[in-house]
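Order of the sequence lines fixes the chain letters, A, B, ..., with proteins taken first and strands second; residue numbering starts at 1 for each chain. Being a predicted model, the structure only gives us computed values, none of them experimental.
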4 protein chains.
Amino acid sequence: MRKLPKQQRSRALVESLIDATAAVLAEHGLDNTTTNHIADAAGVSVGSLYQYFPDKESLIEALLERMVKDLTTAFNFQLDSQNLGELDLENLARIAIAIGLTTLRANPLYLELMQNWHRLPVMGPLDKLEQYMLNVARLYFLQHFQRYPVDNLQAKLYVLINSTLFTLARYLSQDNNALREQDILNALVDMISNTLGNK
Amino acid sequence: MRKLPKQQRSRALVESLIDATAAVLAEHGLDNTTTNHIADAAGVSVGSLYQYFPDKESLIEALLERMVKDLTTAFNFQLDSQNLGELDLENLARIAIAIGLTTLRANPLYLELMQNWHRLPVMGPLDKLEQYMLNVARLYFLQHFQRYPVDNLQAKLYVLINSTLFTLARYLSQDNNALREQDILNALVDMISNTLGNK
Amino acid sequence: MRKLPKQQRSRALVESLIDATAAVLAEHGLDNTTTNHIADAAGVSVGSLYQYFPDKESLIEALLERMVKDLTTAFNFQLDSQNLGELDLENLARIAIAIGLTTLRANPLYLELMQNWHRLPVMGPLDKLEQYMLNVARLYFLQHFQRYPVDNLQAKLYVLINSTLFTLARYLSQDNNALREQDILNALVDMISNTLGNK
Amino acid sequence: MRKLPKQQRSRALVESLIDATAAVLAEHGLDNTTTNHIADAAGVSVGSLYQYFPDKESLIEALLERMVKDLTTAFNFQLDSQNLGELDLENLARIAIAIGLTTLRANPLYLELMQNWHRLPVMGPLDKLEQYMLNVARLYFLQHFQRYPVDNLQAKLYVLINSTLFTLARYLSQDNNALREQDILNALVDMISNTLGNK
DNA sequence: CATGAATGAGTATTCATTCAT
DNA sequence: AATGAATGAATACTCATTCAT
């Protein structure tokens with residue numbers, strides 16, 4: 001019972017450092033993000049920063065990991081609360097993408113992050129997101145094999161998941177967009193359901 | 001008549017600097033690519049480098065632009081030589097992707113580049129490639145409107161083109177891949193033809 | 001009576017900190033010897049370390065002092081046990097040097113220390129060793145004035161003692177040595193007895 | 001003829017950087033000697049410093065090397081000008097030591113250096129001095145073998161040379177000295193001639 | 001136009017030391 | 001007395017860019 005405070009403080013510090021990383025990243029841009037800035041923004045000394053993170057990269061990685069975790073948490077929550085398993089492919093895809101967009105939009109930083117994703121020094125966490133999506137998708141198809149028998153499923157899932165993730169990322173990172181989000185959303189959903197759905 | 005030599009020299013110098021950028025990038029990695037290295041590799045002084053390129057980024061940008069140009073040239077060549085206009089959607093997609101992969105593989109540097117694409121300081125040229133593909137695709141559909149009437153064409157093309165480009169890029173940038181290239185290719189082609197083709 | 005335990009603990013802690021300093025020094029090298037490492041190795045917090053030593057230098061100084069104390073203790077022991085006073089100069093020198101080498105060799109750390117002596121931040125304890133040797137030597141000559149009347153005794157002792165100490169230190173700190181220890185020893189003894197002995 | 005200026009400038013810069021190293025070392029002490037200070041003192045940018053020296057250590061090494069070179073040059077000069085070969089051992093030793101002291105005293109920095117010699121990060125150049133002295137001594141004995149046949153010559157020279165060098169260094173590095181330089185000098189000469197001279 | 005020596009702002013990281021608990 | 005989390009000053013080194021020759 002008396003151990004919690006210390007661990008809580010540590011945890012809080014770690015979180016606040018990731019927050020600070022996000023804030024500095026958003027304000028100064030990736031190139032002007034220094035460890036000293038981050039420490040300042042977190043109201044902590046640089047020394048403390050290095051007590052919790054081995055180097056600068058790991059901070060950005062942690063930030064990305066948090067985003068991925070937020071996304072998967074949001075998905076899991078919906079998967080549990082609604083009976084997503086009952087939905088058909090099209091609606092599932094639509095809802096999944098909507099959840100993703102909502103989660104990203106909920107935290108302005110994540111949008112900033114998406115706008116700079118191609119300059120981040122680490123992509124590792126993306127692999128996790130890809131994996132998570134692949135697993136969820138595989139599970140879904142295991143349960144609905146009858147309804148949606150698919151050739152070459154593995155490759156198709158890989159292609160569709162990466163397509164969706166990167167297309168959304170690119171769409172969000174382009175400022176002036178002639179295309180409406182609704183149309184993009186529809187196109188993505190079409191793409192997914194047409195590729196996987198049997199006709 | 002006396003101006004040409006000079007312009008030719010300029011042009012040759014510019015090319016050799018881009019070559020050098022590519023070589024240094026491939027050999028030393030993005031992080032150890034310095035302007036001095038590039039100038040050395042090109043057999044030129046740094047000063048001269050800055051005579052032709054305003055900064056380091058522009059060198060990499062030029063390199064990317066060249067890649068994009070190689071790609072579009074290859075596409076154009078095939079588009080002209082074969083009667084691609086006669087092909088159905090599926091075969092067109094398959095051939096287009098094959099051309100892209102062939103062109104990238106023809107220059108080992110381009111593969112290196114793809115493996116580091118997410119760390120490049122510039123993405124600009126990608127826009128051009130996207131634009132080019134969009135234009136070609138639009139043209140194709142203009143000519144085959146009858147055969148392939150498509151709702152929401154603009155958005156679908158945007159989504160499909162970006163999906164294809166980034167999925168390929170990611171596929172090429174992942175070293176150990178459980179998926180065979182052939183399967184990826186098929187999945188991409190399926191995705192494209194199913195999304196655009198009327199059923 | 002109740003005070004002793006506390007003082008004993010203090011004493012034990014001080015010793016264990018010096019031990020730890022020695023161990024860390026030997027294992028990580030002078031440059032990677034940090035106060036935190038030392039505290040860890042001693043199983044104590046850094047705070048406690050600073051309760052007993054004002055700064056890092058003082059730890060190394062204490063270590064050197066211990067070495068000097070070990071040396072003088074060994075000398076004293078032999079001086080008492082044998083009747084060194086009865087020996088002639090040559091044998092005295094030979095035995096003294098042998099005692100020194102034996103003592104240094106008995107503790108592997110001391111050898112490490114000698115190999116880095118020129119990088120140690122403190123030389124202070126050396127003064128004490130020099131003083132001790134000077135005193136012993138002076139005493140010896142006081143007792144044998146008749147046998148060994150020497151001009152300029154003070155300066156000669158200073159020169160010989162420093163010569164012996166530093167030459168041995170340098171010899172021990174050079175890894176690959178073409179010269180055999182025995183020859184060095186003989187040369188040193190010759191040097192001492194020829195310089196001080198009357199002819 | 002047109003190449004000289006550039007090389008001369010380089011050479012001058014190198015020299016001035018070594019001078020600056022010496023000056024900063026003397027003024028701020030070894031611990032507060034930073035590469036930026038040195039560059040400032042040399043009236044040069046840090047970047048330039050690193051164009052000529054790979055790291056900080058190499059600067060100090062160069063300084064020591066210069067001192068060693070000054071010493072050997074002074075010795076060589078005297079060896080040539082006077083017929084040192086004709087001198088007897090005692091006078092040779094006396095003159096050699098005097099030359100050393102004179103050379104060191106001629107440049108106040110060298111004295112500073114001697115006072116901090118045990119804190120210098122490099123000892124390399126000392127090896128060269130030792131070697132030089134050994135060579136000179138060996139040559140002398142080759143020519144005077146008849147007059148001075150010596151047992152165990154190699155070891156004795158090693159011992160005497162290191163003894164002399166380090167004793168002088170230590171003497172110069174001790175501020176308050178009860179002993180007069182003259183006495184030290186005599187003691188050293190006695191030590192050398194008695195150890196090597198046959199009686 | 002070419003050169004390449006010179007620049008110097010910029011930054012990640014360490015570690016001796018302190019002090020609130 | 002003990003702890004160890006927090007501190008933050010301090011520093012070697014890099015590299016894009018400039019400009020005198």
Side-chain angles (χ1 to χ4, degrees), chain A residues 2 5-7 9-10 12-13 17 28 31-40 42-59, chain B residues 6 9-10 13 31-40 42-59 121, chain C residues 6 9-10 13 31-40 42-59 121, chain D residues 2 5-7 9-10 12-13 31-40 42-59:
Chain A
R2 272 302 172 81
K6 217 184 289 183
Q7 291 186 12
R9 245 164 56 87
S10 287
L13 203 45
L17 279 167
H28 295 83
D31 287 335
N32 299 318
T33 296
T34 72
T35 48
N36 283 284
H37 278 162
I38 294 174
D40 275 359
V44 175
S45 68
V46 222
S48 291
L49 184 157
Y50 278 92
Q51 208 129 44
Y52 293 99
F53 293 90
D55 52 28
K56 196 179 152 188
E57 264 199 9
S58 63
L59 274 163
Chain B
K6 221 185 287 182
R9 271 208 340 132
S10 289
L13 205 45
D31 288 334
N32 299 317
T33 297
T34 71
T35 47
N36 282 285
H37 277 161
I38 294 173
D40 274 0
V44 179
S45 68
V46 223
S48 292
L49 183 155
Y50 278 90
Q51 200 96 42
Y52 294 99
F53 294 91
D55 51 29
K56 196 184 163 186
E57 271 199 5
S58 63
L59 274 163
Chain C
K6 221 185 287 183
R9 269 201 350 126
S10 289
L13 204 46
D31 287 334
N32 298 317
T33 296
T34 71
T35 48
N36 283 285
H37 277 161
I38 294 173
D40 274 359
V44 178
S45 69
V46 222
S48 292
L49 184 156
Y50 277 91
Q51 200 96 40
Y52 294 98
F53 293 91
D55 53 27
K56 196 183 161 187
E57 272 199 3
S58 63
L59 274 163
Chain D
R2 272 299 171 83
K6 216 183 291 181
Q7 292 186 12
R9 245 167 52 91
S10 286
L13 203 44
D31 288 334
N32 299 317
T33 297
T34 72
T35 47
N36 283 289
H37 278 161
I38 294 174
D40 275 358
V44 176
S45 68
V46 222
S48 290
L49 183 157
Y50 278 92
Q51 208 129 46
Y52 294 99
F53 293 90
D55 51 28
K56 196 179 152 188
E57 263 197 12
S58 63
L59 274 163

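- OP1 or OP2 of dA6(F) has not a single side-chain nitrogen or oxygen of Y50(A) nearer than 4.0 Å.
- Summary of the strand contacts: N32(D) and K56(B) both lie near DNA chain F, and taking for each the nucleotide with the nearest heavy atom, the more 5' one is attributed to N32(D).
- Taking 4.5 Å as the limit, some side-chain heavy atom of L49(D) sits within range of a side-chain heavy atom of L59(D).
- Spacing between atom OH of Y52(A) and atom P of dA12(E) amounts to 21 Å, rounded to whole angstrom units.
- Residue contacts shown for L13(A) are limited to sugar-phosphate atoms, with no base heavy atom under 4.0 Å away.
- Atom CG in D40(C) sits roughly 13 Å away from atom C1' in dC15(E) (whole-Å rounding).
- Closest-nucleotide positions on DNA chain E for V46(D) and V44(B) were compared, and the one nearer the 5' end corresponds to V44(B).
- Nucleotide dA1(F): unpaired (no Watson-Crick or G-U wobble partner with both distances less than 3.5 Å).
- Here dC13(F) presents its P atom at 10 Å from CG of L49(D), a figure rounded to the nearest Å.
- Look at NE2 on H37(B): it is 16 Å from P on dT17(F), rounded to the nearest Å.
- Looking at heavy-atom distances under 4.0 Å, D55(B) makes contact with sugar-phosphate atoms alone, never a base.
- When distances are taken from the side chain of N36(B) to each of dA1(F), dA16(F), dG8(E), the shortest belongs to dA16(F).
- Note that CG of L17(A) is 5.5 Å distant from CZ of F53(A), once rounded to the nearest 0.5 Å.
- Residue T34(A) has its side chain nearest to dT11(E) when only dC1(E), dT17(F), dT11(E) are considered.
- Nearest nucleotide to the T35(D) side chain, out of dT11(E), dA1(F), dC13(F): dC13(F).
- To the nearest angstrom, P of dC15(E) lies 16 Å from CG of L59(C).
- Here the closest non-hydrogen pair linking Y50(C) and D55(C) is CE2-CA, 4.0 Å.
- In this structure, the separation between CG on D31(A) and OG1 on T33(A) is 8.0 Å, given to the nearest 0.5 Å.
- Rounded to whole Å, the distance from CD1 on I38(C) to P on dT17(E) is 11 Å.
- Positionally, the nearest nucleotide of DNA chain E for E57(A) lies more toward the 5' end than for the other of T33(C) and E57(A).
- Across all strands shown, dA9(E) forms a Watson-Crick or G-U wobble pair, both distances under 3.5 Å, with dT14(F).
- The 5' end of DNA chain F is approached more closely, in terms of each residue's nearest nucleotide, by S48(A) than by the other of S48(A) and D31(B).
- Contact detail for T35(B) and K56(B): the closest heavy-atom pair is CG2-CG, 3.8 Å.
- Within 4.0 Å of F53(D), counting heavy atoms only, lies no atom of the nucleic acid at all.
- Remark: S45(C) is not in phosphate contact with dG4(F), judged by side-chain N or O atoms under 4.0 Å from OP1 or OP2.
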